[in-house]
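This is a predicted model, so every value here is computed, not measured.
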Amino acid sequence: MKTITLYDVASLAGVSYQTVSRVINDAEHVSARTREKVLAAMAELHYVPNRGAQQLAGKRSKTLGLLTTDLALHAPSQIASAVKSRAGQASASVIISMLEQHDAASCVAALQELLAQRVEGVLINVPLDDALAQQLAAQVHPTPVLFLDVGETAGVNSLVFDARQGARLGVEHLLAQGHRRIALLGGPETSVSARARFTGWVTALADAGLTPCASACGDWSAASGYEKAHGLLSTAAQPPQAILVANDQMALGVMRACAEKGIAVPGQISVVGYDDTADSAWFSPPLTTVRQAFKEAGEQSVDWLLNASEQDAVNQICLPVTLIERLSTAPAQTQEVSGEVLARRLHELAQLAVLLDRR
């Protein structure tokens, strides 16, 4: 099939090829009527501008690079979706590079590949320590770069959620319901955000004169939540009244483990997740969780990168979080009553079994 060129579009629209070029590049001084004719001709011919040729000619690509962790996880996938959508609204495109390993060599190689495609801004949604974040920022310079999973002291441009606020909201919600034996299930220790949530939980409990009755770290997956919950429910000196979980997917695994052990949620134990992913409202029971606005984070990231020339000093944008209260938490008094009722019924069943044996 013949390749459709800019000249074919110009011929069909009845304009010069220079006019078609101006329309493609959103140049000024093109009338609305002419622009409509050119766009209609492009649509009829299925013409797609050659970005490679535009870049060779020194024109802006309006292409952003996204370096991200596993998109099988809800949070990274929701952010990536928002980034793509917002970029499309701004007539920009996004090249996504997904990392399986978060070591320095893997990050550097992935960034070099993105820069080779002449991206005009880079968004990095990978957990990084301060030194590696600074190394990557220096490698990308002068291309604008924004980080989504770094600490306050990283010294790079970043957009993060307020992990301290989120952790405190979860703790305060459980304390207000009378819970005192609270277990913690954090994310991987390599994640900056996971460490911040865990530290926030411990600090908030300490402020109330409490310590966790048990703790563990998972890998963000439902499977790890299931596995770690079995340990938390078995190793504590007294069974936890509640579990704070670092993300909703692990909370799903926790609830499955509770069900297998015959522990009612929230009748005998309360569960609080983190993220408020799209499915958390459909768990059984619906999950109480700390909401992070991933869509807004993705949109603000794109806006920042596209206007990066206006950014001066290194800064960190900190987005607020909110507690979404659903049905996976209940007052501790209700749980104790439920436990007493269960114990009484078990005792009654045991007595009944003895009577039946005697007969």
Side-chain touch V83/L64, heavy atoms, less than 4.5 angstrom: no
V150 side chain reached by I124 side chain, heavy atoms, under 4.5 Å: no
Heavy-atom side-chain contact between T289 and F283 under 4.5 Å: no
Pairwise distance NE2(H141) to OG1(T143) - rounded to 0.5 angstrom: 9.0 Å
Pairs where residues 76-96 contributes a residue and the test salt bridge (Lys or Arg N to Asp or Glu O under 4.0 Å) is met, not counting sequence neighbours: R86-D303
Note, W304 side chain near I317 side chain (heavy atom, < 4.5 Å): yes
Transitive ILVMFWY side-chain link V126 to I95, under 4.5 Å: yes
Validation row: S93, T63 side chains within 4.5 angstrom (heavy atoms): yes
Evaluation steps, side chain to side chain contact (heavy atoms under 4.5 Å, CB included), between I243 and I269: CA-CA 8 Å; I243 302 181; I269 191 168; 3.8 Å; yes
Check: A264 main-chain N/O paired with Q268 side-chain donor or acceptor under 3.5 Å: yes
Any P76 side-chain heavy atom under 4.5 Å of D70 side chain: no
Which atom of S97 lies closest to which atom of A110, heavy atoms considered: OG-CB, 3.6 Å
Separation of I263 CD1 from L233 CG (nearest 0.5 Å): 4.5 Å
Test item: Q165 side-chain N/O and P320 main-chain N/O as donor-acceptor pair under 3.5 Å: no
Ring pair (Phe, Tyr, Trp, His ring centres under 6.0 Å) partners for F161, two or more places apart: F294
For residues 10-19, please give each side-chain donor-acceptor pair under 3.5 Å, one per line with the distance, not counting sequence neighbours.
residue, atom, partner, partner atom, Å
S16, OG, Q18, OE1, 3.4
S16, OG, T19, N, 3.2
S16, OG, T19, OG1, 3.0
T19, OG1, R22, NH2, 3.1

Donor-acceptor pair, side chain of Q134 and main chain of A154, under 3.5 angstrom: yes
Taking every non-hydrogen atom, the tightest pair across L159 and A297: CD2-CB, 3.9 Å
Those residues that, when tested against D149, pass salt bridge (charged side-chain N to carboxylate O under 4.0 Å, His left out) (two or more places apart): none
Set of residues satisfying ring pair (Phe, Tyr, Trp, His ring centres under 6.0 Å) with respect to Y226, sequence neighbours excluded: H230
Counterpart residues, side-chain hydrogen bond (donor to acceptor under 3.5 Å, both in side chains), relative to D207 (two or more places apart): R168
E189 backbone acceptor or donor facing R195 side chain under 3.5 Å: yes
Within one Ile-Leu-Val-Met-Phe-Trp-Tyr cluster: V192 and Y274, side-chain cutoff 4.5 Å: no
L66 with V160, same ILVMFWY side-chain cluster at under 4.5 Å: no
Listed partners of E325 passing salt bridge (charged side-chain N to carboxylate O under 4.0 Å, His left out), at least two apart: none
Minimum heavy-atom distance A246-G187, with the two atoms named: CB-N, 3.4 Å
Residue that, paired with F147, satisfies side-chain contact (heavy atoms from CB on, under 4.5 Å) out of N157, V156, L123: V156
Side-chain donor/acceptor of Q316 to backbone N/O of S158, under 3.5 Å: no
Straight-line distance of L6 CG to M42 CE, nearest 0.5 Å: 8.5 Å
Heavy-atom closest pair, residues R181 and P239: NE-O, 2.9 Å
Side chain to side chain contact (heavy atoms under 4.5 Å, CB included) evaluation trace for S91 with K62: CA-CA 7 Å; S91 300; K62 288 202 76 173; 4.3 Å; yes
R35, CZ atom: more than 12 neighbouring heavy atoms under 6.0 Å: yes
Considering all heavy atoms, the nearest L67-C107 contact: CD2-O, 4.2 Å
In one Ile/Leu/Val/Met/Phe/Trp/Tyr side-chain cluster, 4.5 Å: L287, I324: no
Q89 atom CD: more than 12 heavy-atom contacts under 6.0 Å: yes
Side-chain donor/acceptor of S224 to backbone N/O of S221, under 3.5 Å: yes
Distance-only donor-acceptor check, side chains D275 and T277, under 3.5 Å: no
Derivation and outcome, side-chain hydrogen bond (donor to acceptor under 3.5 Å, both in side chains), residues T329 and H173: CA-CA 9 Å; T329 54; H173 172 68; 3.0 Å; yes
Presence of salt bridge, R326 and D276, under 4.0 angstrom: yes
Transitive ILVMFWY side-chain link V145 to V108, under 4.5 Å: yes
Between H102 and T190: side-chain donor-acceptor atoms closer than 3.5 Å: no
Results of side-chain contact (heavy atoms from CB on, under 4.5 Å) for Q101 - residues two or more places apart only: D103, S106
Residue pairs fulfilling salt bridge (Lys or Arg N to Asp or Glu O under 4.0 Å) with at least one residue in residues 105-117, sequence neighbours excluded: none
CZ on R197 to CG on N247, rounded to 0.5 Å: 7.0 Å
Heavy-atom check, side chain of P285 versus side chain of V265, under 4.5 Å: yes
Any residue meeting salt bridge (charged side-chain N to carboxylate O under 4.0 Å, His left out) with E299, in chain and number order, not counting sequence neighbours: K295
Contact summary for A87 and V94, nearest pair of heavy atoms: CB-CG2, 3.5 Å
Sidechain-backbone polar pair: T199 side chain, A196 backbone, donor-acceptor under 3.5 Å: no
Gap between atom CG of L306 and atom OG of S301 - 0.5 Å precision: 10.5 Å
Fellow cluster residues of L244, listed by chain then number, with links counted only when side-chain atoms sit under 4.5 Å apart: V171, L174, L175, I182, L184, F198, W201, V202, L205, L210, V272
Spacing of CG belonging to L111 relative to CD belonging to Q139, to within rounding of 0.5 Å: 5.0 Å
Donor-acceptor under 3.5 Å (N125 side chain, L148 main chain): no
Any V20 side-chain heavy atom under 4.5 Å of Y7 side chain: no
Under the side-chain hydrogen bond (donor to acceptor under 3.5 Å, both in side chains) test, residues paired with T153 that sit two or more places apart: D130
